[in-house]
Amino acid sequence: MKILHINSIDSDPHRRYVAWLGKAMEREVTEQQRLVVDDVEAYCEQQGVDLLVFSTANERHDIQHRLDQCRTLRLPYMFLLPSMRKLQPLRRLLLPVTMLEEEIYKAQLAGTLVRRTGCRVCLLPAHDYGTKAQQNADKIATALAQAQADVVRLEAMKDSFHLYKEVTDRQKDFLSDMIFWTASRDYGLDDLLFGPPERRIIMQSQVPVMLVSPRADLFSLCD
């Protein structure tokens with residue numbers, strides 16, 4: 001299995017970061033300048049890829065194009081932009097949690113990152129009237145305990161529908177080195193007009209952003 005790095009901006013800092021990631025995750029790293037395929041998922045499966053990393057310009061069109069390519073992708077994917085100034089070994093992972101049941105899947109991937117890098121995990125459950133987000137956070141914390149993760153919690157101010165608006169600010173509070181966000185299940189009218197929450201997070205973040213698409217048959221990184 002390997003990491004596929006689509007380095008469309010030919011960034012050496014991004015190349016070094018992905019090389020560190022590959023070493024930490026014990027994955028072979030393959031670099032390409034572009035990814036021009038009709039079916040990204042089928043291509044990754046054929047190439048034995050289990051993590052896809054995009055180095056792209058900090059432009060809405062470019063980012064959205066990559067997001068559209070990965071809408072049905074089972075494996076995790078990451079964005080690196082020139083504006084992300086904090087590229088360093090993973091020590092703190094920020095993991096926002098909404099009421100969506102798919103959030104629990106992130107515990108598997110976060111557990112792999114913990115075992116490979118020894119990072120701390122900060123859970124940021126949404127401030128909802130209901131308890132689903134808190135329940136999801138509890139389940140994730142329980143799963144991470146099996147990986148002997150150092151888990152802390154921050155109190156979110158926003159609900160599940162607006163949590164994305166405070167994620168990049170809370171990243172600074174926790175001094176996290178990566179944000180792990182669940183991509184939109186469906187695009188509503190606002191998402192089509194103004195862009196989905198994940199695009200806003202990617203464009204505002206100072207650290208790498210890892211995404212996973214909410215699907216029932218998700219793919220898990222192997223340890």
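Numbers here simply count residues along the sequence, with the first being 1. The model shown is predicted, which means the values in this text are computed figures rather than measured ones.
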Mind checking the [atom1]-[atom2] spacing from [X] to [Y]? Nearest 0.5 Å is all I need.
| X | Y | atom1 | atom2 | value |
| --- | --- | --- | --- | --- |
| Asp150 | Leu144 | CG | CG | 10.5 Å |
| Cys119 | Leu93 | SG | CG | 5.0 Å |
| Arg60 | Arg200 | CZ | CZ | 10.5 Å |
| Ile201 | Ile179 | CD1 | CD1 | 6.5 Å |
| Gln146 | Arg115 | CD | CZ | 8.5 Å |
| Met203 | Ser83 | CE | OG | 7.5 Å |

Would you say [X] and [Y] make side-chain contact, with heavy atoms under 4.5 Å?
| X | Y | answer |
| --- | --- | --- |
| Ile202 | Leu211 | yes |
| His14 | Met84 | no |
| Asn58 | Ile63 | yes |
| Leu4 | Leu51 | no |
| Gln33 | Ile6 | no |
| Met157 | Glu166 | yes |
| Leu73 | Val212 | no |
| Asn136 | Glu101 | no |

Same apolar cluster (I L V M F W Y, side chains within < 4.5 Å links), [X]/[Y]:
| X | Y | result |
| --- | --- | --- |
| Met78 | Ile9 | no |
| Leu175 | Val151 | no |
| Val152 | Leu154 | yes |
| Val167 | Leu100 | no |
| Val29 | Leu87 | yes |

Sidechain-backbone polar pair: [X] side chain, [Y] backbone, donor-acceptor under 3.5 Å:
| X | Y | answer |
| --- | --- | --- |
| Gln47 | Val49 | no |
| Ser213 | Cys70 | yes |
| Gln69 | Leu35 | yes |
| Asp128 | Gly130 | no |

For [X] and [Y], test the side chains for any donor-to-acceptor distance below 3.5 angstrom and give the result as yes or no.
| X | Y | result |
| --- | --- | --- |
| Thr98 | Glu103 | yes |
| Glu198 | Ser184 | yes |
| Ser55 | His5 | yes |

ask   = Can Arg153 and Gln134 be said to form a side chain to side chain donor-acceptor pair (under 3.5 Å), step by step?
value = CA-CA 11 Å; Arg153 289 203 193 197; Gln134 294 292 339; 3.1 Å; yes

message = Quick one, Thr30 with Glu28, criterion side chain to side chain contact (heavy atoms under 4.5 Å, CB included). Give me CA distance, side-chain angles, the key distance, then yes/no.
response = CA-CA 7 Å; Thr30 300; Glu28 173 191 354; 3.7 Å; yes

request  = Output all residues satisfying side-chain hydrogen bond (donor to acceptor under 3.5 Å, both in side chains) with Asp173, sequence neighbours left out; order by chain, then residue number.
outcome  = Arg170

key: Partners passing side-chain hydrogen bond (donor to acceptor under 3.5 Å, both in side chains) against Thr131 (at least two apart in sequence or in another chain)   = Gln135

Looking only at non-hydrogen atoms, find the nearest pair between [X] and [Y] and report the distance.
| X | Y | result |
| --- | --- | --- |
| Pro125 | Ala156 | O-CB, 3.0 Å |
| Ala42 | Asp39 | N-OD1, 3.0 Å |
| Ile140 | Ile104 | CG1-CA, 4.1 Å |
| Pro96 | Lys106 | O-NZ, 2.8 Å |
| Ala137 | Val97 | N-CG1, 3.9 Å |
| Tyr17 | Met178 | OH-CE, 3.4 Å |

ask   = Listed by chain and number, what are the side-chain contact (heavy atoms from CB on, under 4.5 Å) partners of Ala19, not counting sequence neighbours?
value = none

task = Answer yes or no: does atom NZ of Lys158 have more than 12 heavy-atom neighbours from other residues, nucleotides or ligands under 6.0 Å?
result = no

request  = Count the heavy atoms belonging to other residues, nucleotides or ligands that lie under 6.0 Å from CG of Asp169, then report whether that count exceeds 12.
outcome  = yes

ask   = Under the side chain to side chain contact (heavy atoms under 4.5 Å, CB included) criterion, do Val209 and Leu81 qualify, and how do the steps go?
value = CA-CA 9 Å; Val209 178; Leu81 306 185; over 6 Å; no

request  = Test side chain to side chain contact (heavy atoms under 4.5 Å, CB included) on Trp181 and Leu163 and set out the steps.
outcome  = CA-CA 11 Å; Trp181 181 258; Leu163 183 60; 4.3 Å; yes

request  = Not counting sequence neighbours, list each pair that qualifies as a ring pair (Phe, Tyr, Trp, His ring centres under 6.0 Å) and has a residue in residues 30-65.
outcome  = Phe54-Phe79

request  = Determine, for Asp50 against Arg27, whether the closest basic-nitrogen to carboxylate-oxygen distance falls under 4.0 angstrom.
outcome  = yes

Pairing of Asp12 and Arg15 as salt bridge, 4.0 angstrom limit = yes

task = Applying ring-ring contact (aromatic ring centres under 6.0 Å, His included), name anything that partners Tyr77, two or more places apart in sequence or on another chain.
result = none

remark   = The ring-ring contact (aromatic ring centres under 6.0 Å, His included) partners of Tyr164 (sequence neighbours excluded) come to none

request  = Please say which of Lys172, Lys86, Arg120 ends up in a salt bridge (Lys or Arg N to Asp or Glu O under 4.0 Å) with Asp177.
outcome  = Lys86

Worked check of side chain to side chain contact (heavy atoms under 4.5 Å, CB included) between Val121 and Leu123 = CA-CA 6 Å; Val121 178; Leu123 298 178; 4.1 Å; yes

